[in-house]
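Counting starts at 1 for both ligands and their atoms, following the listed order.
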Amino acid sequence: MGKMIKLLLLMALIFAVSACEESNSQNGNDGKAVPAPKAAEKETDKIKIGFSMDTLLEERWLKDRDLFKEAVESLGAEVEILAANGDDAVQIEQAETLISQGVDLLVVVPHNAEAMAAIVKKAHLAGIKVIAYDRLVKNSEIDLYVSFDNEKVGEMQANAITKLVPKGKYVYIGGAETDNNAHLFKRGVFKVLQPLIDKGDITVVYDQWSKDWTPANALVNMTAALKANQNKIDAVIAANDATAGGVIQALAAQGLAGKIPVAGQDAELAGVQRIVQGTQIMTVYKPIKALTEKAAELAVMMAKGDEVKADRKINNGKIEVQSVLLSPIAVNKRNIDQTIIADGFHSKEEVYKVVEK
Ligand code: GAL
């Protein structure tokens with residue numbers, strides 16, 4: 001009986017070895033380990049990031065899109081980018097598409113800080129982490145927030161304008177109420193204004209949000225502010241350069257452009273040109289390249305499963321979100337060259353073109 005078992009085992013072994021040799025020779029391999037098909041393996045291994053954007057209507061978001069793509073690709077990963085034209089339903093649908101395509105990580109610029117919480121949930125169910133880019137996603141378990149110090153942006157605007165106009169009637173033209181940043185910018189502004197309001201030096205005579213950040217809505221707001229105050233306004237803080245554009249258009253219609261100082265944000269080319277022309281007194285420059293590089297680096301790390309430790313935590317209504325906040329830079333006529341132009345954000349030629357005309 002024992003002999004019988006040994007014989008059977010031996011036969012099985014011989015059969016297995018010959019079957020293996022047969023298969024190796026079919027592969028054109030003489031028993032050596034089969035080398036991995038490198039190109040194919042690299043393709044399937046490549047990290048894929050999904051980038052869901054609110055809009056591409058403003059100049060800054062085109063820079064964000066292009067520089068983020070460049071940064072992700074320089075890390076050997078790839079990125080699929082979709083922009084929603086300011087429509088919540090479209091953005092949710094696009095983010096769902098990215099999730100179902102099996103991206104390794106999702107980066108989101110939410111049009112609506114609350115609405116995108118649903119996407120964070122869906123992504124997590126699919127095992128995909130989500131980074132909030134520039135704008136926070138509220139009331140969600142977002143994995144990371146990468147932005148600028150947005151409260152500081154508002155403080156910089158208010159510091160610059162109160163230096164110039166320490167007393168008088170102020171107008172605040174806010175951004176989109178649905179964007180958490182609009183609230184942070186405003187908080188920063190009022191942090192500086194409040195003591196002056198309490199002292200009776202400053203009165204805020206008009207304070208409204210501008211839906212979707214559009215210049216057209218800011219124009220309507222500023223026109224109403226001028227009308228309600230018989231044009232007697234001493235200073236305007238607009239939440240960004242797009243809204244500042246609408247404000248300055250309303251002022252121009254009353255022959256007041258350049259006479260009432262206006263602060264903006266983003267260092268958009270049109271905003272910087274207005275500073276040179278004298279219709280806007282300052283803007284806040286946020287180095288987008290640095291933001292895209294930081295976000296890309298962290299996105300690829302997280303997609304690979306590496307742990308990311310951020311130095312700050314920000315409450316989003318649900319959790320303390322790990323946050324990385326970069327520093328904004330206040331820009332006026334005097335430091336355009338050393339900041340925006342030195343960084344190549346805009347060329348000297350473009351910035352000063354308007355005054356040469
Ligand atoms: C904010 C952003 C600003 C500005 C604005 C309008 O969230 O931080 O830089 O571009 O949106 O798009």
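Classification of the F51-F68 ring pair by plane angle, with boundaries at 30° and 60°, yields tilted.
The stretch residues 96-118 participates, sequence neighbours left out, in these salt bridge (charged side-chain N to carboxylate O under 4.0 Å, His left out) pairs: E96-K122.
For the pair D234 and K167, the salt-bridge criterion is not met [side-chain N within less than 4.0 Å of a carboxylate O]. The residues K186 and D207 are annotated as salt-bridged, a charged nitrogen and a carboxylate oxygen being separated by less than 4.0 angstrom. Salt-bridge check for R60 with D134: passed, with a basic side-chain N closer than 4.0 Å to an acidic carboxylate O.
Residues with a heavy atom under 4.0 Å from ligand 1: E58, R60, W61, D134, R135, D179, N181, F185, W213, N240, Q265, D266, K286.
In summary, the side chains of N221 and Y172 do not present any donor paired with an acceptor at a separation below 3.5 Å, with no hydrogens or angles considered.
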